[in-house]
Amino acid sequence: MGSIVQAPALTTQTMPFKVLVVGGSYGGLSAALNLQDLCSGLAPRCGPKPVEGAPVIETPQFNVDITIVDERDGFYHLIGSPLALADEDYAAKSWVRYEDVPAVSQSQNIRVLHGSVKSVDQTSKTATYLPYGLVSSPENTSTLSYDFLVAAAGLRRVWPVVPQSLRRKQFLFEAGDHIRAATTARHGVVVVGGGAVGIEMAAELKLVQPQLKVTLVHSRDKLLSSEPLPDEVKDKSLELLLEAGVGVRMSTRLDKTEEVVDEQGKKAVRVWFTDGESILADQVSLAVSRSVPSTEFLGVKETGVLDEEGYVKIQSSLAFPAETPNWSDHFAIGDLVKWSGIKRCGGAMHMGFFAGNNIHQRMIEIASGKEPAFLKLDEIPPMIGLAVGKKAVSYWPATGVSAGEDVSQAFFGDDLGFTICWNHLGLGNSQKL
């Protein structure tokens, strides 16, 4: 191990810096935990690993209070949703209440509020908070003041793309009902939409319940048609999907569904397509709706923070646009930002690390006047890792297309990436040295 280079004492700060993180998924947790590490004089858990034998440089330490506001009562492994809605045991694993996440519950610097931020005033650096379960009204809300804000609330996605429950207990009922309905489906399940969510949803359902007839319907002649990916990726995804035993209907749209009675006198669903054909099913899952940025709390688009679709406009430092009030103390990360690249949990965690570092640099600037050394986000090229049953397909511009069980193991492990993400964020440890 290398020698330790002490950081200079920069401040006589007694009152802690207050940091408000809106959203507790991959990006929000990454920002909070990496910032906590840096303020404690530790290497950030999601940063590059120190070179063996090189001096370990301690970072300037600061008192910090980090508040995470999340609509859910725990960390939910979002990319595991296709499996969580096909397997009850996995569903129970995929949602961990914050009180059961050691990195959060054992921290002296982090607290989690179960509720939502209704509005933010950048000028006064205050936010209006509404606890979970209460009707929005002046008497039920409270004001949270902050020195720095991180917007990490992600996208609003509809059922069954993600569960709509906000408490773990409700989620387990929601997932269980969905899974049991699919399990008893005598005529099978139809998944509408051939994007990443639809592909994984259909493949995981077939993997967990191989006796079930699963049909994926997509309106275009290529899967992943909305993603800027090479045709080789899209063709390989179709190949793996068929190999997994999923039926695929391309170049046709869902026209309508109607409840019918089958030959045994039991209820079923007749699924009609725009080409005039139909099939019988018991369950239809829509994986085609457009996700919407969770940015209502940042106000109207006229503030200059949001673009026309509601995404946060950011600089390469992840800070808000320079023409907005106190922009250098407001950051946005993850799926709700307007930036290049396909939305991925890896990208959100990477942005969270950058935001944590850059907030720490702002603290140094405030304490010493030293010019901050911000980490800058590069443009992100299209890339993807897609689980398709027992196998996976990946695309990285530098390495091209890969597919197979080894790719699945590398990208997702044995649990659709839950353990990989949990360990990368160090959620099992209060601090990672």
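Numbers here are sequence positions counted from 1.
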_Checking Lys18 against Asp147 for the salt bridge (Lys or Arg N to Asp or Glu O under 4.0 Å) test, could you report, in this order, the C-alpha distance in whole Å, the side-chain angles of both residues, the deciding distance, and whether it holds?_
CA-CA 5 Å; Lys18 294 181 180 179; Asp147 298 300; over 6 Å; no
*Evaluation steps, salt bridge (Lys or Arg N to Asp or Glu O under 4.0 Å), between Glu243 and Lys391*: CA-CA 10 Å; Glu243 186 180 313; Lys391 298 183 179 181; 2.5 Å; yes
*Starting from the C-alpha separation in whole Å, work towards a yes-or-no answer on side-chain contact (heavy atoms from CB on, under 4.5 Å) for Asp282 and Arg186.*
CA-CA 7 Å; Asp282 293 286; Arg186 295 170 296 111; 4.1 Å; yes
*Given the rule in the salt bridge (Lys or Arg N to Asp or Glu O under 4.0 Å) test, do Glu277 and Arg249 qualify, once you have shown the distances and angles that lead to the verdict?*
CA-CA 11 Å; Glu277 296 187 10; Arg249 299 176 68 97; 2.7 Å; yes
*What's the verdict on ring-ring contact (aromatic ring centres under 6.0 Å, His included) for Tyr26 and Trp422, showing C-alpha distance, side-chain angles and the deciding distance?*
CA-CA 9 Å; Tyr26 308 104; Trp422 181 273; over 10 Å; no
*With salt bridge (Lys or Arg N to Asp or Glu O under 4.0 Å) as the test, would you mind laying out the steps for Asp335 and Arg157 before giving the verdict?*
CA-CA 11 Å; Asp335 289 354; Arg157 300 174 171 93; 2.7 Å; yes
*Which is it for Met250 and Asp221 under the side-chain contact (heavy atoms from CB on, under 4.5 Å) test, yes or no, and what are the steps along the way?*
CA-CA 6 Å; Met250 304 289 287; Asp221 61 352; 5.5 Å; no
*asked:* Between Trp327 and Gln315, does the side-chain contact (heavy atoms from CB on, under 4.5 Å) criterion hold? Intermediate values first, please.
replied: CA-CA 10 Å; Trp327 61 267; Gln315 303 176 57; 3.2 Å; yes
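For Ala32 against Val21, the heavy-atom pair with the smallest separation is CB-CG2, 4.5 Å. The two residues Ile79 and Pro82 have their closest heavy-atom pair at O-CD, 3.5 Å. Of all heavy-atom pairs between Gln209 and Ala86, the closest is NE2-O, 3.7 Å. Closest approach of Pro382 and Tyr395 over heavy atoms only: O-CE2, 3.4 Å. The nearest pair of heavy atoms linking Ile420 to Ala410 is CD1-O, 4.0 Å. In this structure, Pro160 and Ser285 approach most closely via the heavy-atom pair CG-CB, 3.9 Å.
Taking the side chain as every heavy atom from C-beta outward, Arg362 and Asp329 approach each other to under 4.5 Å. Looking at heavy atoms from C-beta onward, His360 lies in side-chain contact with Phe62 at the 4.5 angstrom threshold. You'll find the side chain of Ile342 reaches within 4.5 Å of the side chain of Leu229, heavy atoms only. Annotation: side chain of Tyr129 is not in contact with side chain of Lys118 (no heavy-atom distance under 4.5 Å). Put simply, the side chain of Val19 does not reach to within 4.5 Å of the side chain of Asp65, judged on heavy atoms. Counting only heavy atoms from C-beta outward, the side chains of Met351 and Val337 approach each other to under 4.5 Å. Val191 has its side chain out of reach of Val217: every pair of non-hydrogen atoms, C-beta onward, lies at least 4.5 Å apart. Between Glu88 and Arg180 the shortest side-chain heavy-atom distance falls below 4.5 Å.
Note that CD of Glu227 and CG of Leu386 are 10.0 Å apart. Values are rounded to the nearest 0.5 Å. To the nearest 0.5 Å, the span separating CG on Leu416 from CG on Leu78 amounts to 11.5 Å. A distance of 11.5 Å separates CG of Leu216 from CG of Leu205, quoted to the nearest 0.5 Å. Going from atom NE2 of His77 over to atom CG of Leu83 covers 9.0 Å, rounded to the nearest 0.5 Å. For the atom pair Leu240 CG and Ile199 CD1, the distance stands at 9.5 Å (nearest 0.5 Å). Interatomic distance, Phe273 CZ to Asp255 CG, rounded to the nearest 0.5 Å: 10.0 Å.
Remark: the Ser107 side chain and the Gln36 side chain contain an N/O donor-acceptor pair separated by less than 3.5 Å. Between the side chains of Glu174 and Ser165, at least one donor N or O sits under 3.5 Å from an acceptor N or O. In the model, His218 has a side-chain atom that pairs as donor or acceptor with a side-chain atom of Ser225 under 3.5 Å. Counting only N and O atoms by type, the side chains of Ser81 and Tyr76 include a donor and acceptor under 3.5 Å apart. The closest side-chain donor-acceptor pair between Ser340 and Glu379 falls under 3.5 angstrom. Donor-acceptor pairing under 3.5 Å is lacking for the side chains of Tyr98 and His114. Looking only at atom types and distance, the side chain of Thr128 has a donor-acceptor partner in the side chain of Ser119 under 3.5 Å away. If you check the side chains of His330 and Tyr146, you find a donor sitting under 3.5 Å from an acceptor.
Counting heavy-atom neighbours within 6.0 Å of Lys343 NZ, excluding the residue itself, gives a total above 12. Around atom CG of Asp414, no more than 12 heavy atoms belonging to other residues, nucleotides or ligands sit under 6.0 Å away. Atom CD of Glu232 has 12 or fewer neighbouring heavy atoms from other residues, nucleotides or ligands inside a 6.0 Å radius. Environment of CD in Glu258: crowded, with over 12 heavy atoms of neighbouring residues, nucleotides or ligands closer than 6.0 Å. Surrounding NZ of Lys236 are at most 12 heavy atoms belonging to other residues, nucleotides or ligands under 6.0 Å away. Within a 6.0 Å radius of CZ in Arg111, other residues, nucleotides and ligands contribute 12 heavy atoms or fewer.
Of the possible donor and acceptor atoms, one in the side chain of Thr184 sits under 3.5 Å from a partner among the backbone N and O of Ala181. A side-chain donor-acceptor contact under 3.5 Å links Thr274 to the backbone of Arg253. Using modelled atom types, no side-chain atom of Gln361 and backbone atom of Phe374 make a donor-acceptor pair closer than 3.5 Å. At least one donor-acceptor pair under 3.5 Å links the side chain of Asp73 to the backbone N or O of Arg168. Side-chain N or O atoms of Asp262 include none that pairs as donor or acceptor with a backbone N or O of Ala268 at under 3.5 Å. Remark: side-chain polar atoms of Thr324 are not paired, donor with acceptor, to backbone N or O of Gly304 under 3.5 angstrom. Between the side chain of Asn140 and the backbone N or O of Leu134, no donor-acceptor pair lies under 3.5 Å. In terms of modelled atom types and a separation under 3.5 Å, the side chain of Lys213 and the main chain of Val189 share no donor-acceptor contact. Between the Ser94 side chain and the Ala91 main chain, a donor and an acceptor come within less than 3.5 Å of each other. Within the 3.5 Å criterion, the main-chain N or O of Gly426 finds a donor-acceptor partner in the side chain of Arg45.
Each of Phe418, Phe173, Phe75, Phe171 was evaluated against Trp95; a single residue qualifies, Phe171, per the ring pair (Phe, Tyr, Trp, His ring centres under 6.0 Å) test.
Look at Glu204 and Lys390 and you find no salt bridge, because none of the NZ, NE, NH1 or NH2 atoms lies under 4.0 Å from a carboxylate O. Salt-bridge check for Arg270 with Glu259: failed, with every basic side-chain N at 4.0 Å or more from each acidic carboxylate O.
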